[in-house]
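Working notes, beginning with the structure itself.
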Amino acid sequence: MRRRTARHGSVAAALFLALCAPTAGAAPVPRTDDTNGTPHNTTGTTAESAGAALVARRAALAAASRGGGAGLDFRACPAVEGLPSRVRCATLRVPLDYARPDGPQISLTVSRVAANGAGGAARQGSLVQNPGGPGASGMYFPLVADLPGWERIAAAYDFVGYAPRGVGRSAPLSCTDPAARPRGPVQEPVHPSPAYKAERLAQARAYANGCARRAGAALPYYTTLNNARDLHVLRAALGEEGLTLMGASYGTYLGAVYATLYPGHVRRMVLDSAVDPDPRRVWYRNNLDQARGFEGRWHDFRAWVARHHGTYGLGTTPAAVQAGYERVRDAVARVPAGGNVGTGELRAAFLQAAYYDDVWPDRAAALAAFLRGDPSLLAAQAAPDPASAAEAENATAVYTAVLCNDAPWPADWATWDRDNTELARTAPFETWANAFLNLPCASWPVRERQAPVAVGSQPERLPRTLVVAAERDGATPYPGALELQRRLGAGSSLVTETGAGSHGVVGGRNDCVDRHVERYLLTGATPGWRVTCTPHPEPAPVSLDDGAAGARRALLPPVV
């Protein structure tokens, strides 16, 4: 999936195990087919499974020794986390390699706000959140307990966030020096030439080798399977027999893998904005599907702008708005806005509009102002933030490592070129940028890739689960939610926000959706096999004349 900006400015790397450790710069095993890396089995080795069970048992015993409470030592959070004093933090030790449970260990950071028991509510345990990515940190999640609409859930649950392995201070992964990253402007051609493609292919190979050089023997162990094992240990360390999880975007796939590996330790799961878990689509084809989805949402944004021609003056049809966008793109290709916003930064800023309709007024205002001769709004919205360079590099590294380790990818450039050239004919907005982002997986220097987990193959029936999806979500297209529900079985319920497409449905946009989620978390009751909610209201336009367009800040949901 695709890296995106999460709530309050953290950067995640918007959408994944190999068992042998690479040497620095090691080349992949030559292949005669169109995939790179030898696929391994779908659930890991017996040694890994036994190791995870052992570590979880130890964590559960540590929790029990504290009188049934969490086996984690929660204290004041380090200042670097930027969390208020009422949030408490701890570290969880887990093996780098679960096949060697007493071998090298890594520490994962965990945050918590305890259930407040308001209104006499009985504590129901820990609600753990994963916001997606992969590469996003959930350390801020306890702050959600203070948001309107979460009062009853916060009364009954401890809100627990964590940074998955590789993220933040949890055994951080890096593939390049953040100071050496290009600062912009980045200029991307509309139609990449063979020479430009060759340049990007060389950059992708260099990036993959940088991951191997900087991570060393640890590189193969940043995977979804290990993320699920870590979650299993975290659940035990929290003193919980069953996991209650809120997973969003990539977090839905992580939750589904966890449920497949540990069905007897699932309590409740809310899976929001579902990744398609079909092993045949993880991850190469999922990314092709995503580019098609983004094209649809890009159209939705332009149609909204056209409906508000009276405010923005950008035209009365999506085609007219597209023409205005192209005029801006041509202009920043010649003279970057603010000196550092070229076509690459422009596309990345407007990709946010394909994720979240909250930002539509800001982006439309920036386009309109630019075409009236004022580039300052666009420069303010699209310029990269040097202060977040290290976080962005870390997020991208984790995103790349997990996706590349999780599954075989085409090794030959001809396959990528053929598929993306064909796709770009009908979905030009994000196709090539998405392809180049994932291209390190073509030359990933890990010799064995994990074969994707057969989600839903667990031998026992799962308890009731709740899948939530927006019908026009571009980042995780709706067919993925249907496939996830099918694989989770008869106890799974799907709540669909019809006619809407913002990525991340739970948590303040749609009261109907939130009522279903609250009822499920508090009682375990689901609304039925498939139910629908009408779409949340579209954002109101912001006039350029009221002086507010550049100052307002769009709500960015905790989903990446």
Without swapping roles, check the side chain of [X] against the backbone of [Y] for a donor-acceptor pair under 3.5 Å.
X      : Y      : answer
Asn434 : Glu430 : no
Ser126 : Val160 : no
Ser170 : Thr109 : yes
Thr526 : Arg464 : no
Arg165 : Thr223 : no
Asn394 : Val167 : no
Asp514 : Gly508 : yes
Thr523 : Arg519 : yes
His265 : Glu241 : yes
Thr260 : Gly456 : yes

Does the side chain of [X] reach to within under 4.5 Å of the side chain of [Y], using non-hydrogen atoms?
X      : Y      : value
Tyr162 : Leu231 : yes
Asn227 : Tyr250 : yes
Tyr140 : Val87  : no
Phe74  : Val110 : yes
Asn286 : Val275 : yes
Val113 : Asp158 : no
Tyr253 : Pro452 : yes
Arg297 : Ser502 : yes

Between the side chains of [X] and [Y], does any donor sit under 3.5 Å from an acceptor?
X      : Y      : value
Asn287 : Asn438 : yes
Arg267 : Thr244 : yes
Tyr258 : Arg235 : yes
Gln381 : Arg363 : yes

Classify the ring geometry between Phe159 and Phe141 as parallel (under 30°), tilted (30 to 60°) or perpendicular (over 60°).
-> parallel

Should the pair Arg169-Glu81 be classified as a salt bridge under the 4.0 Å nitrogen-to-oxygen rule?
-> yes

Carboxylate-amine/guanidinium proximity below 4.0 Å for Asp276 and Arg487 = no

Any chance you could lay out the salt bridge (charged side-chain N to carboxylate O under 4.0 Å, His left out) test for Arg268 and Glu240, step after step, and finish with the verdict?
-> CA-CA 12 Å; Arg268 290 171 194 163; Glu240 308 293 353; over 6 Å; no

In short, salt bridge (charged side-chain N to carboxylate O under 4.0 Å, His left out) pairs touching residues 252-264 with sequence neighbours left out are none

Could you give the distance from CG (Leu127) to CG (Leu245), rounded to the nearest 0.5 Å?
-> 8.0 Å

Could you give the distance from OH (Tyr221) to OH (Tyr98), rounded to the nearest 0.5 Å?
-> 13.0 Å

Walk me through it: do Thr176 and Glu393 pass the test side-chain hydrogen bond (donor to acceptor under 3.5 Å, both in side chains)?
-> CA-CA 7 Å; Thr176 187; Glu393 192 282 322; 5.7 Å; no

Any residue meeting ring-ring contact (aromatic ring centres under 6.0 Å, His included) with Tyr520, in chain and number order, not counting sequence neighbours = none

His536: ring-ring contact (aromatic ring centres under 6.0 Å, His included) partners, not counting sequence neighbours | none

